[in-house]
Amino acid sequence: MNLRKTLLCGQCFRWKEIAPDVFCGTVGGRSVTLTQQDIPPLTKNPFWRQYFDMDTDYQTFNQTLANLHPNLREAAVCGAGIHILRQDPWEALCSFILSQNNNIPRIQGIISRLCGEDDTMPPCTKLQEGPAAHPFPRPEALAGLSVDALAPLRCGFRARYVLDAARKVTDGTVNLEELRTAPLAEARASLMQIVGVGPKVADCTLLYGLHRMEAFPMDVWMKRAMKQWFPGVNPADFGPAAGLAQQYIFDYARRHP
DNA sequence: CACCAGGCTCCGA
DNA sequence: TCGGAGCATGGT
């Protein structure tokens, strides 16, 4: 696993590079600062082993993708080392609602404020793991709030989307844990009951929050990228590596102006 | 000033 | 069912 690629490829928003190759993040109520060298010992810890998805065979996924198209082979080589993190489903849902029609630096800022971090707060510099000062807020904590209460987040029209998600997750309208094993189409439909959740956000939630690797977040940008750089390749060809392929394609397109 | 940012809702044909 | 404006906010 390549730590930099994995944390900076756009799948998560709570990791900061506080110095070259030094990353500080908050996951599941824990904060940690680490570098690439910390990964081997850290993966003895079941929690981090699971979060970084160390038990999935990415080698086989890479082989599958590389054989589909020459450009996809190149993309897979460049993207090798990216793992799809096993993020908290609610955090992923909420994060990708906030990501719509938005850019990554601002998404990070909004999520940082949502977690109660102050804009003037210095970056965390402690070098070992500890309890999080600012864990991601649970849906129950947000469900009762008003749009006005979220004004300090400056997330604009997305505020009512976040609140609708919080309410529907809290009252059981959407049962995130059940979506781990539900048929993909059903899981997608369930998430799209939430106002502000369309096909793209639903698939991002399934992929990053519920580790449904066969989910393929598709939008007009991705359609164009597929047609331009990977003609003749269909998302159906990716099988259980679809989510990983999408990540590789995203990175590939970024490197090809 | 216009345009864009990992989209979606809402409206009209 | 489809297309396109509008949406809050901040950066370039």
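By convention in this document, chain letters (A, B, ...) are assigned in the order of the sequence lines, proteins followed by strands, and residues within each chain are numbered from 1.
- Not less than 6.0 angstrom separates the ring centroid of A:Phe61 from the ring centroid of A:Phe238.
- Annotation: ring pair (Phe, Tyr, Trp, His ring centres under 6.0 Å) contacts involving residues 3-29 of chain A, sequence neighbours excluded, comprise A:Phe13-A:Phe96.
- Annotation: cation-pi pair A:Arg86/A:Phe52 absent, no NZ/CZ under 6.0 Å from the ring centroid and within 45° of its normal.
- When heavy atoms are screened at a 4.0 angstrom cut-off, A:Arg154 is found touching the sugar-phosphate backbone but no base atom.
- Atom P of C:dG11 sits at a distance of 24 Å from the matching atom of B:dC8, rounded to the whole Å.
- Note that the first and last nucleotides of DNA chain C, 5' to 3', having any atom under 4.0 angstrom from a heavy atom of chain A are C:dC7 to C:dG10.
- Projected onto DNA chain B by closest heavy-atom contact, A:Gln11 and A:Gly196 fall at different nucleotides, the more 5' of which corresponds to A:Gln11.
- Heavy-atom distances to DNA chain B give each of A:Phe250 and A:Tyr161 a nearest nucleotide, and the one nearer the 5′ end belongs to A:Phe250.
- In this structure, A:Gly10 reaches the bases: a heavy-atom distance under 4.0 Å links it to at least one base atom across the strands shown.
- No engagement by A:Val220 is indicated, since no non-hydrogen atom pair under 4.0 Å with the nucleic acid exists.
- Protein chain A contacts DNA chain B from B:dA5 to B:dC10, reading 5' to 3' and using non-hydrogen atoms of the protein with a distance under 4.0 Å.
- Remark: A:Asp55 pairs with A:Arg49 by the side-chain hydrogen bond (donor to acceptor under 3.5 Å, both in side chains) rule, at least two apart or across chains.
- Residue A:Pro199 is in sugar-phosphate contact alone, with no base atom involved, counting any heavy-atom pair closer than 4.0 Å across all strands shown.
- Spacing of P atoms, C:dC2 relative to B:dG6, comes out at 27 Å, to the nearest Å.
- In this structure, the side chain to side chain contact (heavy atoms under 4.5 Å, CB included) partners of A:Thr6, at least two apart in sequence or on a different chain, are A:Met1, A:Gln11, A:His83, A:Leu85.
- For the P atoms, the distance linking B:dC11 with C:dA8 amounts to 14 Å, nearest Å.
- Look at A:Arg212 and A:Glu214 and you find a salt bridge, because one of the NZ, NE, NH1 or NH2 atoms lies within 4.0 Å of a carboxylate O, short of that distance.
- Ring orientation note: the planes of A:Phe157 and A:Tyr161 are nearly perpendicular, at an angle over 60° on the 30°/60° scale.
- Residue-level contact check: A:Phe13 touches neither bases nor backbone, having no heavy atom under 4.0 Å from any strand.
- Remark: A:Arg254 is positioned above the aromatic ring of A:Phe250, its terminal NZ or CZ atom under 6.0 angstrom from the ring centre and at most 45 degrees off the axis.
- Residues passing the side-chain hydrogen bond (donor to acceptor under 3.5 Å, both in side chains) test with A:Arg4, sequence neighbours excluded: A:Glu17, A:Asp21.
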